[in-house]
Amino acid sequence: MMILTIIIISSMALYFISHFLTGQKSSIKNNLILKNSDMKVLKNVILDDFGIVKKRPGSTKVGNNLASSNILGLHDFAKNDGTHKQLTVNAAKVYYNNAGTWTDSGITGLTTGKRTRFVNFVNLVFLVNGTQAVKDWDGATAYDAQVGSAPVANYISVFTDRLYTNNTTYPSRINYTTIPTAGVIAWTGGDSGYYEVQTDDGDFVTGIHPRRDRLLIFKNHYIEARDSYFRRISIVRDLGTPSNDSIVTINNKTYFFNFDDTTSTGVYEYGSSEPIKISAPIQDLIDDITIATPSTQFFATKYGMNYILHIGTTQGMSNVVICYNVTHQAWCYWTLPSTITTFAPYNDTNVILPNYGTSLGKVYKFTGANDAYYNGSTDTTKNITMNVRTHPIHCGNPHLFKDFTNIYLFDENPIKSRVRYQIDRGSWLSAGQIENRTSILGAQGKGYDIIIQIEDNSLSSPEIKGLVIEYSVEENSR
C-alpha cells in the first residue's frame with residue numbers, strides 16, 4: 001500500500017509523502033476511507049514492479065492479414081519434439097503461422113463464424129466449435145484420426161490422461177475418453193464414458209477447466225469439482241460464469257467472471273475454499289459494461305502474474321481490458337486500439353506472450369513500445385496514452401483549509417510526462433513536466449484537497465515511484 005507520512009517541517013510547512021506500493025485503481029467514492037494506495041484512474045499501466053507504476057506493453061502484428069472478419073480462436077500447438085505451431089481461426093478455416101504467413105491447415109468441414117477452442121493431447125491438437133463434432137490435426141496433413149464417435153462440444157480440456165468435453169445434445173453432460181494406449185484414445189467403449197452435472201436444473205455447462213487434482217465444471221450459476229475417479233468433491237451454488245474463456249488459473253487459484261443481474265457480477269478468485277469476489281476496486285467499470293453476448297464478450301488470459309480480462313465497452317471507452325496483478329492484489333485497466341475477439345498465450349521463443357485476435361482478421365502479440373492496429377485502410381501504429389490520477393488527497397486533514405505550493409514527483413525514467421492538478425474539483429491546471437528523477441513542480445492554490453494527474457503518450461515509459469505534496473495551513477484553520 002502507499003505509505004502516508006505527514007512531517008511538520010516548521011510551524012507552517014507540511015509535506016504529504018506518498019509512495020506507489022501496490023497502488024491500484026479504486027471505485028470507492030468516499031475519500032475519507034480510501035487507502036493511500038487507491039487511485040481514481042490507472043489506465044494503460046502495468047503493476048508488475050513493486051512500488052513502481054509503468055506503462056503497459058504495446059502490441060505488434062503477427063503474420064499477414066486474413067479475411068476481414070473475426071478471429072475466433074488462437075492456440076499454441078506444442079508437439080512432443082518441442083516445436084510450436086501458432087494456430088488461428090478465421091472464417092471457416094484453421095491457419096498456422098508459417099514463418100510469418102498464415103497458411104491453411106487443410107482441416108475441412110468447419111462452419112463459418114464459430115468460436116473455436118483447442119487443446120493439445122497425444123501429440124495432436126483437438127478442436128471444438130459447438131457445431132461440428134470434435135476434430136483433430138497432427139500439424140502436417142492428417143486430421144480427424146482419433147475423433148470417431150466424439151460428441152459435438154463447445155469446450156474441451158485435458159485432465160489426468162483423458163480428454164473431457166461438454167455435449168451440446170445433453171446440456172448437463174460431461175463426456176470423457178479412454179486413457180491413451182500407445183498414443184491412441186477412444187470416445188466410446190473401454191473406460192470412456194460420461195457423467196451428468198445437476199441434470200435438468202434449468203442451467204447448462206458453460207465451461208470446463210482443469211486445476212491440479214480436480215476438474216472444475218461451470219454452469220451459469222453453479223460450479224462443481226470432480227476428481228480423476230469422477231467423484232464430486234465440492235460444489236458452489238449461485239456462482240458460475242457464462243464464459244469458459246474467462247476462466248484462468250494462476251498459482252493454483254482460478255479466476256473467472258460471474259455475470260448476474262445482482263451485485264454478484266464481477267471477477268472471482270477460487271482457491272481451496274469458497275470463491276471470493278475480488279473486483280470491488282474496479283466495480284465502477286464492471287457495472288457500466290455494455291452487455292452484448294456474455295458467453296463470448298468476456299475472455300481472459302494470463303500475462304506473467306496478471307489476469308487480464310476483456311470486458312468491452314464501459315464508461316464511454318471501447319476495447320477495455322481489466323488487469324489484476326495476483327502478486328500485489330492490485331487492479332488497473334487498459335484500452336486497446338482494435339476490437340478484440342479472443343486471447344491466448346503463445347510460446348514465442350521461450351517467452352510466453354499473450355496474443356489477441358481482432359474483428360478485422362488480424363492477430364497481435366503484447367510486445368513493443370506502441371500499439372499496432374488497422375485503421376480501416378492500412379496497418380499503422382499508435383502511441384499508448386498512460387493516465388494516473390489520484391483521488392482527492394486531503395493530506396490526512398480533510399477538515400483543514402490548505403495553501404498548496406508544490407508537487408515533488410519521483411520518476412526513475414523521466415521522459416517529460418505531463419502533470420496537471422485540480423483543487424477542490426475546480427479547473428484543471430498545468431503543473432509542468434517530469435524532467436528529472438526528482439521534479440519540483442508548482443501547484444499553487446487554496447482548498448481542502450488536491451487531485452494530481454500524470455499523463456504520457458510517448459514511445460517510452462515513465463517509472464513513477466511516488467509524490468510529495470507541499471502545503472501550509474493557516475493558523476486559524478488548525
(request) Run the salt-bridge test on D48 and K54 with the 4.0 Å N-O cut-off and return the result as yes or no. (result) no

(request) Take L309 and V321 through the test side chain to side chain contact (heavy atoms under 4.5 Å, CB included) and record every step on the way to the result. (result) CA-CA 5 Å; L309 172 74; V321 172; 5.8 Å; no

(message) Under 6.0 Å between ring centres: does that hold for F218 and F256?
(response) yes

(message) Just checking K93: does its NZ atom have more than 12 heavy atoms from other residues, nucleotides or ligands closer to it than 6.0 angstrom?
(response) no

(message) Using 30° and 60° as the class boundaries, would you call the ring planes of Y324 and Y255 parallel, tilted or perpendicular?
(response) tilted

(request) In plain terms, say whether D456 and K55 are close enough for a salt bridge, that is, a side-chain N and a carboxylate O under 4.0 Å apart. (result) yes

(message) Can you confirm if the NZ or CZ of R211 lies within 45° of the ring axis of Y270 and under 6.0 Å from the centre of its six-membered ring?
(response) yes

(message) Contact between Y268 and I278 at the side-chain level, heavy atoms closer than 4.5 Å - yes or no?
(response) no

(message) For F257 together with F299, are the ring centres under 6.0 Å from each other?
(response) no

(message) With a 4.0 Å cut-off on N to O distance, would you call D144 and K135 a salt bridge?
(response) yes

(message) Testing Q86, K85, H84 one by one against N97 for a side chain to side chain donor-acceptor pair (under 3.5 Å), which residue passes?
(response) Q86

(message) Please check: side-chain N/O of D203 versus main-chain N/O of H221, any donor-acceptor pairing under 3.5 Å?
(response) yes

(request) Name the orientation class of the two ring planes belonging to H328 and F50 (parallel below 30°, tilted from 30 to 60°, perpendicular beyond 60°). (result) tilted

(message) So that I know where these two stand, are Y356 and F366 an aromatic pair - ring centroids less than 6.0 Å apart?
(response) yes

(message) Check this for me, if you would: do D191 and R162 make a salt bridge, where the nitrogen-to-carboxylate-oxygen distance has to be below 4.0 angstrom?
(response) yes

(request) Give a yes or no on whether the ring-centroid distance for Y307 and W331 is below 6.0 angstrom. (result) no

(message) I'd like to know if R232 and D227 make a salt bridge, using a cut-off of under 4.0 Å between side-chain N and carboxylate O.
(response) no

(message) Assess whether a salt bridge exists between R117 and D245, defined as any Lys/Arg side-chain N lying under 4.0 Å from an Asp/Glu carboxylate O.
(response) yes

(request) In plain terms, say whether R226 and E224 are close enough for a salt bridge, that is, a side-chain N and a carboxylate O under 4.0 Å apart. (result) yes

(message) Does Y195 have more than 12 heavy atoms from other residues, nucleotides or ligands lying within 6.0 Å of its OH?
(response) yes

(request) Taking the six-membered ring of Y374 (Phe, Tyr or Trp), confirm whether the NZ or CZ of K362 is under 6.0 Å from its centre and within 45° of its axis. (result) yes

(message) Less than 4.0 angstrom from a charged side-chain N to a carboxylate O is my criterion; do D371 and K382 meet it?
(response) no

(message) Tell me if the aromatic rings of Y96 and W137 count as close, with their centers under 6.0 Å from one another.
(response) yes

